[in-house]
Amino acid sequence: MKLIEAKNYQDMSLKAAEIIQSVLANKPDAVLGLATGGTVLGPYEILIAKYEEDSLSFKKASSVNLDEYVGLPSDHPNSYYYYMNENLFKHVDFSANQTHLPNGVADDIEKESERYENLIDGLGGIDLQLLGIGENGHIGFNEPGTPFDSATHKVKLTESTRAANARYFDSINEVPAHAITMGIGSIMKSKQILLLASGVKKAGILEKIVHEEISEEIPATILKQHGNVIIIADQDALSKLNSAHKQLLNT
Ligand code: GLP
């Protein structure tokens, strides 16, 4: 893993956008694994600005998103489909048929999971997977206890994840109970992974990634086994780590 220290959220966002930009410069038809949540909004804004000033294009690229809520149609303002459209897709030049998310309203979620996993493989795999991180170490919606070899599947969200995401809904009761997510195995197949963390709320989980053994109880610990992971974290997210600990993230 390689740790890039950022001063603050803005700096983290800029550094993340620059990495995505360089992936597209080297491989215009790259497959980007995209994420939702608050952390990636800054990077998306900067990518849009770079697109507008002509310094990058998504025309030949394709994207696959990590996850989607079960039961929310694509036009629901809290669906990840809607989020991606509002915060990135409609502002840049991705071809409409080259951006993909799991379908949270498919009749048969198991079949949909299989279709999505095959789709990722059919695209040749993910060149760069962008990840945020849950306070409990979840990546995508892979909650603690998810098998490391899991493919795309349906998950029951933990109460803590529903509570963390309730800020986007009118009340916690409206947060769906289930989601469909790439599995840990799907994520680990990515050629490169870019994990972003900002704010004191993420300090505890970054500390655990450093100190704890690799375990399904803390899904993000598996990233220590991937040969090509970059973590960009800001000072607040790194506030529980001293310089020796940070070195451990640079191995
Ligand atoms: C959700 C998403 C994750 C995301 C996490 C952190 O649970 N499914 O992909 O990483 O939230 O979100 P935030 O960036 O808002 O802290």
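In each ligand, atom 1 is the first atom listed, and ligand 1 is the first ligand listed.
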*Atoms of ligand 1 less than 4.0 Å from Tyr168 heavy atoms?*
15 (O)
_Applying side chain to side chain donor-acceptor pair (under 3.5 Å), can you list everything that pairs with Glu86, at least two apart in sequence or on another chain?_
Lys90
*Glu18 versus Leu14: any side-chain heavy-atom pair under 4.5 Å?*
yes
*Please list, chain by chain and in numerical order, all residues satisfying side-chain contact (heavy atoms from CB on, under 4.5 Å) with Gln247, sequence neighbours excluded.*
Asn250
_I'd like to check Leu223 versus Ile231 (side-chain heavy atoms, cut-off strictly below 4.5 Å). Are they in contact?_
no
*Are any non-hydrogen side-chain atoms of Ile48 and Val92 less than 4.5 angstrom apart?*
yes
*Please state whether Glu135 comes within less than 4.0 angstrom of ligand 1, counting heavy atoms only.*
no
*asked:* Considering non-hydrogen atoms of the protein only, which is the closest contact for atom 4 (C) of ligand 1, and what is the distance?
replied: Thr36 O, 3.9 Å
_Out of all atoms in ligand 1, which are within 4.0 Å of some heavy atom of Gly132? Include the element for each._
10 (O)
*Ring centres of Tyr168 and Tyr69 under 6.0 Å apart?*
no
*Which heavy atom of the protein is the closest neighbour of atom 2 (C) of ligand 1, given with residue, atom name and distance?*
Tyr80 OH, 3.8 Å
*Examine Gly37 against ligand 1 and note whether any of their N/O atoms are separated by less than 3.5 Å.*
no
*How close does the nearest protein non-hydrogen atom get to atom 6 (C) of ligand 1, and which residue and atom is it?*
Ile133 O, 3.6 Å
*Which part of Arg167 is near ligand 1, with near meaning a heavy atom under 4.0 Å away: side chain, backbone, both or neither?*
side chain
*asked:* How far is atom 3 (C) of ligand 1 from the closest protein heavy atom, and which atom is that?
replied: Gly140 O, 3.5 Å
*State, yes or no, whether a side-chain contact exists between Lys189 and Asp121 at a heavy-atom distance under 4.5 Å.*
yes
*For atom 14 (O) of ligand 1, what's the nearest protein heavy atom and its distance?*
Thr39 OG1, 2.4 Å
_4.5 Å side-chain heavy-atom contact, Lys202 and Asp236_ = no
*Nearest neighbour in protein (non-hydrogen) for atom 5 (C) of ligand 1*: His138 NE2, 3.8 Å
*With backbone taken as N, CA, C and O and side chain as the heavy atoms from C-beta onward, which portion of Asp67 lies under 4.0 Å from ligand 1: side chain, backbone, both, or neither?*
side chain
_Using a 4.0 Å heavy-atom cut-off, which part of Lys202 comes near ligand 1: side chain, backbone, both, or neither?_
side chain
*Do NZ/NE/NH1/NH2 and the carboxylate oxygens of Lys224 and Glu212 come within less than 4.0 Å?*
no
